[in-house]
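Both counts, for ligands and for their atoms, begin at 1 and track the order of listing.
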Amino acid sequence: MSKFFLRKEFWVGASPSALRRLSPLGHQQRLLSSLSFATFDVEEISGSQPAEVHNFVQGKWTKSSNWNTIVDPLNGEPFIKVADVNEMEIKPFVESLSNCPKHGLHNPFKAPERYLLYGDISTKAAHMLSQAKVSDFFARLIQRVSPKSYQQALGEVYVTRKFLENFCGDQVRFLARSFAVPGNHLGQQSHGFRWPYGPVALVTPFNFPLEIPLLQLMGALYMGNKPVLKVDSKVSIVMDQMMRLLHQCGMPVEDVDFINSDGKTMNKLLSEAKPRMTLFTGSSRVAEKLAIDLNGRIKLEDAGFDWKILGPDVNEVDYVAWVCDQDAYACSGQKCSAQSILFMHENWAKSSLTDKMKGLAERRKLEDLTIGPVLTVTTEAMLDHLKSLLEIRGSKLLFGGEALENHSIPKIYGALKPTAVYVPLEEILTEKNFDLVTKEIFGPFQVVTEYKDDQLHMVLDALERMHAHLTAAVVSNNPIFLQEVIGKSVNGTTYAGLRARTTGAPQNHWFGPAGDPRGAGIGTPEAIKLVWSCHREVIYDFGPVPRGWEVPSST
Ligand SMILES: NC(=O)c1ccc[n+]([C@@H]2O[C@H](COP(=O)([O-])OP(=O)(O)OC[C@H]3O[C@@H](n4cnc5c(N)ncnc54)[C@H](O)[C@@H]3O)[C@@H](O)[C@H]2O)c1
């Protein structure tokens, strides 16, 4: 994350309440410039003034019989009420989806002007997000529900805006570019088209409340589908506001339904509405269940146990230590691409790398949210995991390993200092320890290990045995080393070279797992086409029938 972000010193030392006021705009200016699409002032959401999140179905905002109360992750105050649809209330959503035919809302033979419409909507939405008061609104809203530093939250808004800019003008129709191949005789030609699935569903997690749902939603719409969107209720307030912005930018109200519910109700909706395709982003546990329930009509972006290998060539130790710190601990480790395990060549182990990583980790503080609440793993669970790892022979705590202090983060969430634990490579590979060591802890937690030249095959064996193949980094400028590691691994998004990282996921490169036919992608034209459209071949065969043609004998 780079220069477009705020100067770092601007944030250092800010108290949580001061942080609320700190943004490029400042509190006063923000109050003066209320936003036409927004239904609240982001700074005013509190226990005494809770914000509401509604559902959107069949062209209208609706409430439901129950409210799900979300607590402020920084102080436990109930601060957001989400209209929670229960299993008896899903009918309008099922009906709405079933109104969309399999051939979609548009395709190359139907309503092609909608490709242009979505180019226009993207232009307008990108323009709105380029306004400082709008990007600040979304960055602050993200921070309130999924606490991360302002730079990280603004980075999410920035990537979203750049994605929209990429699909302005004619770029949406170029996504549906077809190709033709000459046939066997005059009048025959085969054409390959990108075809929508029609009714589709999109389920997304809490950690990127804007970027993941918006990028996938627009991809679905660009290709001619009608999606029902479900975002984790803890953070769905962000897409509630984004839906309103998109409506203002001209998105037809019938095009997207937006539901707030628990996982069980969503599971029922999917089973009843039978979307032709579902994109699921979240844990592997739910992903595998849905794959069965939906008979395989699903694409997945699931868990990440992401690895980084430092090759034998040691260079730029400060830089590599900083990237390790960002990869493991930015967003309190709650990126699916977060560095979960670091394999250091012994040359790096002899350098000052881990000391520098420790120093950088210790700079992180709750005041500026460079470390903060962990929304799906409790402190106790993380400390228990650490304890189990420390029981492995030869393992040791490198740094962290303690709960955060002096905070009001509610007990349902986790609060842990950035933690690294060393486990010997030989021990990682044992049958007894492997699953434990390679368990994804969705928090500020990483395993560190060391290998020698003649142990690279053991590192490669560990990669082969892992279940998730999302992101990876091979930190080396030695092409032979890179060739060896890349050639013997599968991760879908692999960074290679001295500056390699595991996180980042900007809009300009593919992000997604590999090695699984159900694997989805996000961000690029290729990702959109793969996830949100299928291939249809139309073979034109106009004739003429050759002069003098006669009925041949049967074959
Ligand atoms: N691969 C990626 O691109 C990517 C991106 C972000 C997060 N993740 C992964 O997501 C996980 C963290 O998110 P989480 O723990 O909140 O995930 P989760 O699987 O618990 O929840 C994800 C979403 O699924 C919904 N859900 C839960 N059960 C459901 C069911 N039975 N049917 C339908 N929907 C259901 C939830 O309400 C939520 O909206 C981590 O494993 C992380 O690696 C992956």
Side-chain angles (χ1 to χ4, degrees), residues 53 68 70 82 84-85 87 90 93 145-146 148 156 159 201-213 215-216 228-239 258-273 275 278-294 298-306 331-340 374-378 381 412-414 438-443 445 466-472 491-493 502-505 509-516 518-523 527 531:
V53 178
N68 177 5
I70 308 296
V82 182
D84 198 46
V85 174
E87 292 186 28
I90 59 176
F93 294 90
V145 290
S146 182
K148 47 182 97 170
E156 193 177 331
V159 166
L202 170 50
V203 182
T204 61
F206 73 89
N207 61 338
F208 285 91
L210 178 67
E211 184 182 332
I212 296 178
L215 267 58
Q216 293 292 15
V228 57
L229 168 66
K230 184 230 180 296
V231 183
D232 190 310
S233 295
K234 292 193 276 298
V235 302
S236 59
I237 192 167
V238 178
M239 280 308 288
F258 174 62
I259 183 170
N260 295 285
S261 74
D262 61 14
K264 198 159 158 261
T265 301
M266 189 59 191
N267 210 141
K268 185 158 191 270
L269 167 61
L270 295 172
S271 302
E272 284 186 18
T278 294
L279 181 278
F280 175 79
T281 307
S283 65
S284 297
R285 182 185 61 80
V286 178
E288 294 300 338
K289 179 178 190 307
L290 288 177
I292 293 167
D293 292 356
L294 302 178
I298 192 163
K299 287 219 162 62
L300 303 175
E301 295 257 25
D302 57 347
F305 187 83
D306 308 294
C331 299
S332 304
Q334 296 167 99
K335 295 187 183 185
C336 46
S337 53
Q339 177 175 312
S340 303
V374 175
L375 299 200
T376 53
V377 199
T378 61
I412 51 163
Y413 296 144
T438 58
K439 180 177 174 204
E440 182 195 35
I441 298 295
F442 213 47
F445 198 100
M466 288 177 193
H467 298 296
H469 302 294
L470 189 55
T471 74
N491 291 39
T493 303
T502 62
T503 62
H509 68 59
W510 169 285
F511 183 88
D516 185 337
R518 304 166 303 178
I522 188 169
V531 174

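A salt bridge between Asp232 and Lys234 is present, with a side-chain N of the basic residue lying under 4.0 Å from a carboxylate O of the acidic one.
Surrounding NZ of Lys439 are at most 12 heavy atoms belonging to other residues, nucleotides or ligands under 6.0 Å away.
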Check your understanding: Are Asp293 and Ser271 close enough, and set up right, to give a side chain to side chain donor-acceptor pair (under 3.5 Å), and what steps lead you there?
Key -> CA-CA 7 Å; Asp293 292 356; Ser271 302; 5.0 Å; no
Exercise for review: Given side chain to side chain donor-acceptor pair (under 3.5 Å), test Asn260 with Ser236 step by step and report yes or no.
Suggested key: CA-CA 7 Å; Asn260 295 285; Ser236 59; 2.8 Å; yes
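Checked by atom type and distance alone, the side chain of Glu156 pairs as donor or acceptor with a backbone atom of Glu211 at under 3.5 Å. At distances below 3.5 Å, not a single donor-acceptor pair connects side-chain atoms of Glu87 with backbone N or O atoms of Met266.
Using a heavy-atom distance under 4.0 Å as the criterion, the protein contacts of ligand 1 are Val203, Thr204, Pro205, Phe206, Asn207, Ile212, Lys230, Val231, Asp232, Gly263, Met266, Asn267, Phe280, Thr281, Gly282, Ser283, Val286, Leu290, Glu301, Asp302, Ala303, Gly304, Cys336, Thr376, Glu440, Phe442, Leu470, Phe511.
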